[in-house]
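All of these numbers come straight from a predicted model, not from anything done at the bench.
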Amino acid sequence: MATERGTAPDAARFAQRIVRNIEKVLEGKHQGVELALAAVMAGGHLLIEDVPGLGKTMLARALAISIGLEFRRIQFTADLMPSDIVGGPVYNPKDGSFALRPGPAFSNVVLADEINRANPRAQSALLECMEEGQITLDGQTLRLPEPFLVLATQNPIDMAGTYPLPEAQLDRFLIRLSLGYPSPEVETSLIATQQFEHPITRLAAVCRPAEFAQLVTSAKSTLISPEISQYITAIVAATRKHPGIRFGASPRGTLGLARMARALSCIRGLAYVDPAIVRELAIPVLAHRIIVQTQGAQAKTPAVLIQEILASLRTPQ
């Protein structure tokens, strides 16, 4: 399933089959589903900020089921301990020995639900998982399953008793997005399709993990020209010079934008990265990686600042 000119459409058809399967559960969110799939293909993690009830958990479950991956959900609370996430030694009273008990982090898709409700100590348990794909327990380094994806959610309202994610942890998420409310037409259709039973109960896998691995290889093979590479670098470099931004994105943002651009181009049947896709991905990939200047009442949002940067740069042809 290489992304040469003759086979890029084949990879796209395979990816769109996964997208359509997920959309049986999450209607009217085509772009969000594509971005979530692209994040998995790019080997990254996803942060969703939305109000309750918009399908964040269903997106994670449907994504895992469609690709034939193992899914685990962790409800983050104020009293959550690191061992509740990664596991730890468990005492056996029969023989007085200790055995390592793997935690729910040992899965392909881990939903960290309301991640900002856990204390910083619990949040930090995910850092090694997300960055290195491994966990150190009782002096042993254990590899996590591949692929490994953390899909975390945050509730933008009711912020009492929450712990904002530190910048170092935010930077480990490949993209951040919001699903948003459904359109009136879609919301009306939900009354008929989800009144008594959720479609997730009937959802089945549409590919095997080995087939998905081929799709990941196709994404990695998508061509990215020197001009597009320079364009990506220029966008990220501009975040470090903009007067409205205190701290810009790091090289991790540069690499993340390139990886996502390759994956999304593959999903859409392109054998190369188009500059329009880079522009589409700039806000989801970079907005959570910058720290804005907060002086004065006219402070702009990260998304607005990224849009200003895109408007100031010449788009490659």
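No more than 12 heavy atoms of other residues, nucleotides or ligands shown are found within 6.0 angstrom of CD on E146. The neighbour count for R208 CZ, taken as heavy atoms of other residues, nucleotides or ligands under 6.0 Å away, does not exceed 12. Heavy-atom contacts from other residues, nucleotides or ligands closer than 6.0 Å to CZ of R246 number 12 or fewer. With a 6.0 Å radius and a threshold of 12 heavy atoms from other residues, nucleotides or ligands, R121 has its CZ atom at or below the threshold.
Interatomic distance, CZ of F106 versus CG of L144, reported as 5.5 Å (0.5 Å rounding). To the nearest 0.5 Å, the span separating CD on E34 from NZ on K29 amounts to 14.0 Å. Residue L54 holds its CG atom at 6.0 Å from OH of Y181, rounded to the nearest 0.5 Å. Atom OG1 of T77 sits about 11.0 Å away from atom CG of D113, to the nearest 0.5 Å.
Looking at Q75 and E114, their side chains do bring a donor and an acceptor atom within 3.5 Å of each other.
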Point to revise | Audit row: Y272, R262, side chain to side chain donor-acceptor pair (under 3.5 Å) steps and yes/no | key: CA-CA 7 Å; Y272 56 89; R262 279 191 163 107; over 6 Å; no
Point to revise | Residue pair E280, R268: steps toward the salt bridge (Lys or Arg N to Asp or Glu O under 4.0 Å) verdict | key: CA-CA 13 Å; E280 178 182 347; R268 295 182 179 172; 2.7 Å; yes
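Hydrophobic clustering (side-chain heavy atoms under 4.5 Å, transitive across Ile, Leu, Val, Met, Phe, Trp, Tyr) keeps L149 apart from V25. Under the 4.5 Å side-chain heavy-atom criterion for grouping Ile, Leu, Val, Met, Phe, Trp and Tyr, V216 is connected to L281 within one hydrophobic cluster. I232 and L313 fall within the same hydrophobic cluster, defined by Ile, Leu, Val, Met, Phe, Trp and Tyr side-chain heavy atoms under 4.5 Å apart, directly or through other members.
The main-chain N or O of V186 is found under 3.5 Å from a side-chain atom of S183 such that the two form a donor-acceptor pair. Listed for the S178 side chain is a donor-acceptor partner under 3.5 Å among the backbone atoms of E49. No side-chain donor-acceptor contact under 3.5 Å links S66 to the backbone of L63. Under the 3.5 Å distance criterion, the side-chain polar atoms of T239 are matched with a main-chain donor or acceptor of V236. A donor-acceptor pair under 3.5 Å is absent between the side-chain atoms of D171 and the main chain of A168, judged by distance alone. With R252 contributing its side chain and L174 its backbone, the two residues share no donor-acceptor pair below 3.5 Å. Put simply, the side chain of E27 never gets that close to the backbone of L190: no donor and acceptor are under 3.5 Å apart. Here the side chain of R259 pairs a donor or acceptor atom with the backbone of A42 at under 3.5 angstrom. The backbone N or O of A249 sits less than 3.5 Å from a side-chain atom of R240, completing a donor-acceptor pair. For the pair N108 (side chain) and P147 (backbone), a donor-acceptor distance under 3.5 Å is present.
With contacts defined as side-chain heavy-atom distances shorter than 4.5 Å, the pair T153/D50 does not qualify.
In this view, E70 and R72 satisfy the salt bridge (charged side-chain N to carboxylate O under 4.0 Å, His left out) rule, not counting sequence neighbours.
Ionic pairing of R289 and E167 is not present here: no N-O contact between side-chain nitrogen and carboxylate oxygen is shorter than 4.0 angstrom.
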